[in-house]
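Beneath this line is the structure, given in structure tokens, with notes to follow.
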Amino acid sequence: MERIIAKGIVSSYGKKQVLKGVDLTAGAGECVGIVGENGCGKSTFFNVLAGLRKADSGEISFDKGKPPAQCVGYVPQEGCLMNELSVLDNLSLWYRDKTELRHSLKEGFLKELGVNEMCHTRVGKLSGGMKKRVSIGCALAGNPPILILDEPDAALDLMGKAEIRRYLAAYKKRGGTVLIATHEESDLDLCDRIYALHNGKSKEVDRTLRGEALIREIKGQ
């Protein structure tokens with residue numbers, strides 16, 4: 001069963017049409033990768049899927065007809081944390097159910113992320129990898145079945161990148177759906193499907209492509 005079906009998504013900024021008919025499907029327990037050159041519309045497409053931006057046209061359906069706010073956790077590239085607050089205070093802004101928050105810190109996904117060990121640390125003092133883990137933890141409030149990440153490896157060291165991939169693999173194994181926009185080929189090893197965005201349109205490509213073969217697809221050659 002497909003958990004996300006997007007058809008013919010069109011989105012513009014003023015007179016500039018960024019998305020010209022993007023299609024995508026993703027099922028439970030799947031990771032779908034989005035690749036493309038800078039400025040190709042990956043972030044715009046994710047904002048539309050997350051319900052932060054209204055498409056000019058096209059259709060999006062989620063599992064059981066739920067709105068994105070009830071089934072999507074979104075981690076934008078620039079992050080969503082308040083540096084002057086502690087990790088726990090940031091989490092509390094997202095977790096309306098404090099029982100869920102305590103449970104997740106004690107034996108749930110927040111513990112798996114290692115967030116429980118930094119609760120009283122001010123976010124501004126965290127490394128890039130730690131901030132990314134907290135951002136993912138915030139996005140997981142309410143246990144959404146879909147997790148969307150826009151370049152989660154950006155500015156992370158090798159250890160931080162490996163940690164993020166491990167957490168995503170665990171989320172996927174438990175039946176979660178992951179959408180990831182990335183420039184990192186190693187992220188694609190997690191993916192069951194890969195879509196290339198070029199000139200505002202999407203094309204599903206062979207998930208095993210790497211190197212020059214993948215670059216040709218990204219450039220629409």
Side-chain angles (χ1 to χ4, degrees), residues 1-11 19 21-36 41-77 80 91 93-97 99-101 103-104 107-113 132-133 135-152 164-182 187-197 201-205 207:
M1 177 180 177
E2 301 295 359
R3 189 167 271 164
I4 305 174
I5 301 175
K7 295 182 178 180
I9 303 302
V10 174
S11 184
L19 305 179
V22 175
D23 303 322
L24 175 144
T25 59
E30 283 191 331
C31 179
V32 175
I34 309 293
V35 296
K42 297 187 297 294
S43 295
T44 298
F45 181 50
F46 277 3
N47 283 333
V48 170
L49 289 179
L52 301 179
R53 179 178 178 82
K54 184 175 176 60
D56 299 334
S57 61
E59 298 179 356
I60 303 174
S61 60
F62 294 97
D63 188 21
K64 299 179 181 178
K66 294 180 180 178
Q70 294 182 14
C71 58
V72 173
Y74 183 35
V75 183
Q77 183 179 351
C80 56
L91 291 169
L93 295 174
W94 294 87
Y95 284 77
R96 296 180 181 179
D97 185 339
T99 300
E100 177 198 353
L101 175 57
H103 172 77
S104 190
E107 54 186 81
F109 207 76
L110 289 176
K111 182 178 180 181
E112 291 182 34
L113 284 164
K132 189 65 68 173
R133 282 190 272 165
S135 293
I136 293 173
C138 290
L140 291 171
N143 296 309
I146 301 166
L147 184 59
I148 298 177
L149 304 103
D150 193 352
E151 297 189 29
I164 296 303
R165 291 183 193 119
R166 186 169 66 250
Y167 303 137
L168 295 181
Y171 178 82
K172 173 185 166 183
K173 186 175 181 179
R174 295 202 301 225
T177 299
V178 180
L179 270 62
I180 180 171
T182 184
D187 285 339
L188 302 181
D189 294 338
L190 282 172
C191 296
D192 302 282
R193 305 183 194 180
I194 298 173
Y195 289 83
L197 291 188
K201 295 191 175 183
S202 61
K203 176 185 177 183
E204 186 169 2
V205 301
R207 62 178 295 275

### Query
So L49 and V72, side-chain contact (heavy atoms from CB on, under 4.5 Å) or not? Walk me through it.
CA-CA 8 Å; L49 289 179; V72 173; over 6 Å; no

### Query
So, D23 versus Y195: side-chain donor-acceptor pair below 3.5 Å or not?
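No, Y195 and D23 have no side-chain donor paired with an acceptor closer than 3.5 Å.
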
#### Entry: side-chain hydrogen bond (donor to acceptor under 3.5 Å, both in side chains) partners of S202, counting only residues at least two apart
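Residues passing side-chain hydrogen bond (donor to acceptor under 3.5 Å, both in side chains) with S202: none at all.
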
### Task
Please identify each residue that fulfils side-chain hydrogen bond (donor to acceptor under 3.5 Å, both in side chains) with E2, with sequence neighbours left out.
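Scan of E2 (side-chain hydrogen bond (donor to acceptor under 3.5 Å, both in side chains), adjacent residues dropped) gives R193.
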
Which side-chain N or O atoms in residues 169-179 pair as donor and acceptor under 3.5 Å with protein atoms at least two apart or in another chain?
from : atom 1 : to   : atom 2 : distance (Å)
Y171 : OH     : P144 : O      : 2.7
Y171 : OH     : P145 : O      : 3.2
Y171 : OH     : I146 : N      : 3.3
K172 : NZ     : L190 : O      : 2.8
K172 : NZ     : D192 : OD2    : 3.0
R174 : NH1    : E112 : OE2    : 2.6
T177 : OG1    : R3   : NH1    : 3.1
T177 : OG1    : G27  : O      : 2.8

Nearest-0.5 Å distance that lies between atom [atom1] in [X] and atom [atom2] in [Y]:
| X | Y | atom1 | atom2 | result |
| --- | --- | --- | --- | --- |
| R165 | C31 | CZ | SG | 11.0 Å |
| S61 | I4 | OG | CD1 | 9.0 Å |
| C80 | L93 | SG | CG | 10.0 Å |
| R53 | S11 | CZ | OG | 3.5 Å |
| H103 | L110 | NE2 | CG | 10.0 Å |

So which heavy atom on [X] is nearest to which on [Y], and how close?
| X | Y | answer |
| --- | --- | --- |
| V10 | G21 | CG2-N, 3.9 Å |
| C191 | I180 | SG-CG2, 4.1 Å |
| F45 | L24 | CE2-CD1, 3.9 Å |
| L91 | C138 | CD2-SG, 3.9 Å |
| L140 | E100 | O-OE2, 4.0 Å |

### Message
For E59, is the CD atom crowded, meaning more than 12 foreign heavy atoms sit under 6.0 Å from it?
### Response
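Check fails, neighbour count at 12 or below.
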
### Query
Mind checking whether L188 and R207 have side chains closer than 4.5 Å, heavy atoms only?
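Of all side-chain heavy-atom pairs linking R207 with L188, none is under 4.5 Å.
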
### Task
Scan I194, D187, I34 and name whichever one has a side-chain contact (heavy atoms from CB on, under 4.5 Å) with T182.
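Between T182 and the candidates, side-chain contact (heavy atoms from CB on, under 4.5 Å) is satisfied uniquely by D187.
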
#### Entry: Among L149, L147, D150, side-chain contact (heavy atoms from CB on, under 4.5 Å) partner for Y74
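For Y74, the side-chain contact (heavy atoms from CB on, under 4.5 Å) test succeeds with only one of L149, L147, D150, which is D150.
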
### Message
Run Y167 and I136 through side-chain contact (heavy atoms from CB on, under 4.5 Å) and show every step you take.
### Response
CA-CA 9 Å; Y167 303 137; I136 293 173; 5.5 Å; no

